[in-house]
Novice: 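Sharing a structure here in structure tokens format.
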Amino acid sequence: MEQESVCVLKLSPEETGRLRSGVNLITRAENESFVVFKDDNDYKACLNKCKHQGGTFVKDIEDIDSSVLRCTKHGWKLDCSNMRYVNPPDSFKQEELVPEIGEDGSLSLIELRPPQPWQHDARDPEPVEPGEVIMTYFTHACVEIKFGEVRMFTDPWLTGPSFARGWWLLHEPPPDWLDRLAKADLIYISHLHSDHLSFPTLELLEKKNPNIPIYVGNTSTPVFSKMEHHRVQMNNVNILKFGVWKEINKDLRFMILMDGVHPEMDTCIIIDYKGHLILNTVDCTNPNGGKLPENVVDVMLSDFAGGASGFPMTFSGGKYTEEWKANFIKRERTKLMYYKTQIVRQVNPKVYCPFAGYFVEAHPSDWYIKETNTKNDARALNELISKFSPGIRTWTPVPGSSLDLGKIIRNPRDRAAIKAPPAGTKIFKDSWDFDKYTSRINSHVTNEIFAFPEWIEFYYKWTAFKNYDLVLRMIETDDNFEPIECGYDYLVDFSGEMPTFPDARPTRQHNYLEVKNRIGVHRQTVVRGMLWDDLYIGFNNRISRTPDTFHYLFWNHMQILLPLDPPDWDAFLKDQKAKKMHKRAVWKPKNLAEIEGKRHHETDTLSRVRAYDVAITAVPILLGIAAIALIGFARSVFSK
């Protein structure tokens, strides 16, 4: 297939002549909005669609006379004179349309549309029998799909926490999950975030079957770059090029696609079985740059929840009052709901399933986050989709529920195509084995490297972040973000070719970022050379900043671009001892025991409250499952 050149907007000579110098916003109809920047007789143009989550650009009162537009969704700013985003700074470039001036003075905007990879070697759909393809939901982003005799799993986070100790599974996976996972023929893992690449899960899988083929995309930050640091060895990891079919057998193939906002990390997948497509966009903010198959997808899955970032719940100071946070969260949930609705309407699948969002901040020390970091409800999203797109069937999954693709293909409204879980299935978790995992994390607190304050310089030079006007203050704290005796409190200035470590804030004007970190997670991150997601996404820090600016380059580096090899701490210790450097107290075990004892008490008290909360939440779903079962029983009786 050849690239298409499509005229998406044509202005008459008169309309072209009325264009002003600078920014022009043009709307023809719904989903037909454009930005045209005029500079003398030169033009730049793009769709009026933010690449983050498809928001609309408007003129900000602060930039009314400039070339900068602001997105109404998240405040991203686009400089139309060069089509680069200025907020986040030094980040993305907008895809441009090609302006063409006709001989009569008219202006045409041309969109270049290359063929999409799934269109290569497209197959005509073949019949699929009922029972031939069964998709079973396990928990969060994990589903098992049986294609004939082939079993495939996606993103198996099935035990333990993710993001250190910040996220815990909301749902209880089927009790035989490990046996079923160990018998899988292949596993797709979308990206390296620990709610998708779950090392506690892989640790158990390794003992049963370390040779299962695992497929990941060829991201610039390798998905399994930290496998050996977690002491897990999966022997059959396959890295696939983007947009190329991977043949499993004559009926089954799939391809991995990248995200338009985070191509260095996030991916999504299209599965083709006998010409029928399953699209799983997982966590992609802008899957495949917004170019997705339309009107040909049988089942679509995506994330839905939101609340997956430290912002704004871990921020303080300035505007970050409780009222501001509550209003922000409410607005963001609404925006995400409608954005997901738009994508689903664009794809127009036969069935849509929201998943990849069923987590809970269950640890007692995170009660504040759990109570304030409200998330979207999958049922509410499905109701919204049903309202605007009644032709799309929706599925709100619970562990053990399943979908029969063969029945869906024959009749998308077949009630028997989607089954409730077996009777007696446990839906929600009520215990999480906190101590097992927090003890592992806190074991890093007493690591010998922290006896030498020189670890700070060694570590931050290892990160290789530099030449950026930012002064960072890091403060180690207890679980409640209170400073602790023997905890480190230090400054890092990244403005030069090498970071420096002043005793006080510089007198020059500078960007300032203050971060309080739970000592266990902070030290584990340092020792293992891990990405800072455990700190930030895991709600394990509290942040304030002056001025209130998102430093994209800093966070993108610390969360994605850190060196693949961890710091050489053995060499560091050898050097410190050779120089007979002064040692300080690493930590007072007595203090750590006191914190642990306090936490045990909190766990015992709050676990009972949490179990009650879960039980109350479960009642409507369990009643619904019971009703479905009774209806099915009645039908079977009266049909005889």
Side-chain angles (χ1 to χ4, degrees), residues 1-59 63 66-73 76-120 242-243 257-264 284-295 339 342-343 346-347:
M1 298 181 65
E2 296 182 355
Q3 175 175 273
E4 292 184 290
S5 298
V6 179
C7 179
V8 293
L9 175 69
K10 184 166 185 178
L11 300 179
S12 68
E14 293 75 22
E15 291 173 318
T16 305
R18 289 196 292 269
L19 291 175
R20 298 170 297 176
S21 293
V23 177
N24 298 266
L25 300 177
I26 301 170
T27 300
R28 282 289 189 261
E30 185 181 7
N31 297 326
E32 292 186 21
S33 297
F34 307 89
V35 177
V36 178
F37 183 82
K38 181 180 179 181
D39 182 13
D40 293 331
N41 291 321
D42 291 329
Y43 297 90
K44 286 185 175 291
C46 67
L47 296 175
N48 191 344
K49 186 176 182 180
C50 180
K51 72 181 301 170
H52 181 220
Q53 283 191 2
T56 301
F57 288 108
V58 297
K59 287 194 173 183
D63 302 301
S66 77
S67 59
V68 175
L69 297 176
R70 177 181 59 84
C71 175
T72 54
K73 276 195 173 179
W76 284 33
K77 291 188 176 183
L78 175 69
D79 186 345
C80 302
S81 66
N82 55 23
M83 292 297 169
R84 290 189 176 277
Y85 287 84
V86 293
N87 183 26
D90 304 308
S91 55
F92 305 103
K93 193 174 189 304
Q94 185 81 341
E95 287 78 12
E96 296 186 49
L97 301 173
V98 179
E100 292 184 356
I101 300 294
E103 294 182 359
D104 60 353
S106 62
L107 174 64
S108 298
L109 301 184
I110 308 300
E111 184 177 27
L112 302 179
R113 297 179 180 175
Q116 296 304 316
W118 60 84
Q119 296 171 326
H120 175 71
F242 291 116
L257 302 172
M258 68 171 62
D259 183 36
V261 174
H262 295 294
E264 69 285 330
C284 286
T285 302
N286 190 12
N288 197 44
K291 298 175 177 63
L292 297 172
E294 300 179 12
N295 304 313
Y339 176 62
Q342 290 171 350
I343 294 179
Q346 172 193 342
V347 173

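Just so you know, these numbers use all the heavy atoms, side chains as well, and skip hydrogens, waters and symmetry mates. In this text the structure is predicted, and so the values were computed from the model without any measurement.
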Novice: What residues form a side chain to side chain donor-acceptor pair (under 3.5 Å) with E15, not counting sequence neighbours?
Specialist: S12, R28

Novice: Provide the closest heavy-atom pair for V68 versus K77 in the form atom of the first, atom of the second, distance.
Specialist: CG1-CB, 3.8 Å

Novice: Between G243 and P117, which heavy-atom pair has the shortest distance, and what is it?
Specialist: O-CB, 3.3 Å

Novice: Find the distance between CD1 (I110) and CG (L97) and round it off to the nearest 0.5 Å.
Specialist: 8.5 Å

Novice: Given the rule in the side chain to side chain contact (heavy atoms under 4.5 Å, CB included) test, do V35 and L25 qualify, once you have shown the distances and angles that lead to the verdict?
Specialist: CA-CA 5 Å; V35 177; L25 300 177; 3.8 Å; yes

Novice: Quick one: pull up CD in E294 and CD in Q346 and give me the separation to the nearest 0.5 Å.
Specialist: 4.5 Å

Novice: With sequence neighbours excluded, tell me which residues meet salt bridge (Lys or Arg N to Asp or Glu O under 4.0 Å) with K291.
Specialist: none

Novice: Using the side-chain contact (heavy atoms from CB on, under 4.5 Å) criterion, which residues pair with E264? Sequence neighbours excluded.
Specialist: S220, H262, N556, I560

Novice: Extract all donor-acceptor atom pairs below 3.5 Å that involve side chains of residues 38-49 and protein atoms in other chains or at least two apart in sequence.
Specialist:
| from | atom 1 | to | atom 2 | distance (Å) |
| --- | --- | --- | --- | --- |
| K38 | NZ | L19 | O | 3.4 |
| N48 | OD1 | F57 | N | 2.7 |
| N48 | ND2 | F57 | O | 3.3 |

Novice: Nearest 0.5 Å, what's the CG-NE2 distance between L78 and H52?
Specialist: 14.5 Å

Novice: Check L9 against F34 and note the closest heavy-atom contact, atom names and distance.
Specialist: CD2-CD1, 3.7 Å

Novice: According to the ring pair (Phe, Tyr, Trp, His ring centres under 6.0 Å) rule, which pairs have a member within residues 92-114, sequence neighbours left out?
Specialist: W76-F92, F92-Y552

Novice: Checking the side chain of N288 only, and the main-chain atoms of L292 only, is there a donor and an acceptor separated by less than 3.5 Å?
Specialist: no

Novice: So, using side-chain contact (heavy atoms from CB on, under 4.5 Å) as the criterion, who are the partners of T72 when residues are at least two apart?
Specialist: T56, V58

Novice: Between the main-chain N or O of C7 and the side-chain N or O of E100, is there a donor-acceptor pair closer than 3.5 Å?
Specialist: no

Novice: Can you give me the closest heavy-atom contact between T16 and L107, atom names plus distance?
Specialist: OG1-N, 3.2 Å

Novice: Looking at every non-hydrogen atom in both residues, tell me the closest pair between V347 and P293 and how far apart they are.
Specialist: CG1-O, 3.5 Å

Novice: Go through it in stages, so that I can follow the logic: the residues are N286 and Y339, the test is side chain to side chain contact (heavy atoms under 4.5 Å, CB included), and I'd like the CA-CA distance, side-chain angles, deciding distance and then a yes or no.
Specialist: CA-CA 10 Å; N286 190 12; Y339 176 62; 4.3 Å; yes

Novice: For K93, what residues pass the side chain to side chain donor-acceptor pair (under 3.5 Å) criterion, not counting sequence neighbours?
Specialist: E96

Novice: Applying side-chain hydrogen bond (donor to acceptor under 3.5 Å, both in side chains), which residue pairs with at least one partner in residues 101-111 are found, sequence neighbours left out?
Specialist: D104-S106, E111-R113

Novice: Partners of N87 by side chain to side chain donor-acceptor pair (under 3.5 Å), sequence neighbours excluded?
Specialist: none

Novice: Identify, with sequence neighbours excluded, every residue that meets side chain to side chain donor-acceptor pair (under 3.5 Å) alongside Q342.
Specialist: none

Novice: Can any side-chain N or O of D79 pair as donor or acceptor with the backbone N or O of Y85 at less than 3.5 Å?
Specialist: no

Novice: Roughly how far, to the nearest 0.5 Å, is the OG atom of S67 from the CE atom of M83?
Specialist: 9.5 Å

Novice: Output the distance between atom CG (L109) and atom CD1 (I26), rounded to the nearest 0.5 Å.
Specialist: 7.0 Å

Novice: Could you state the interatomic distance from CD (E95) to CG (L112), rounded to the nearest 0.5 Å?
Specialist: 12.0 Å

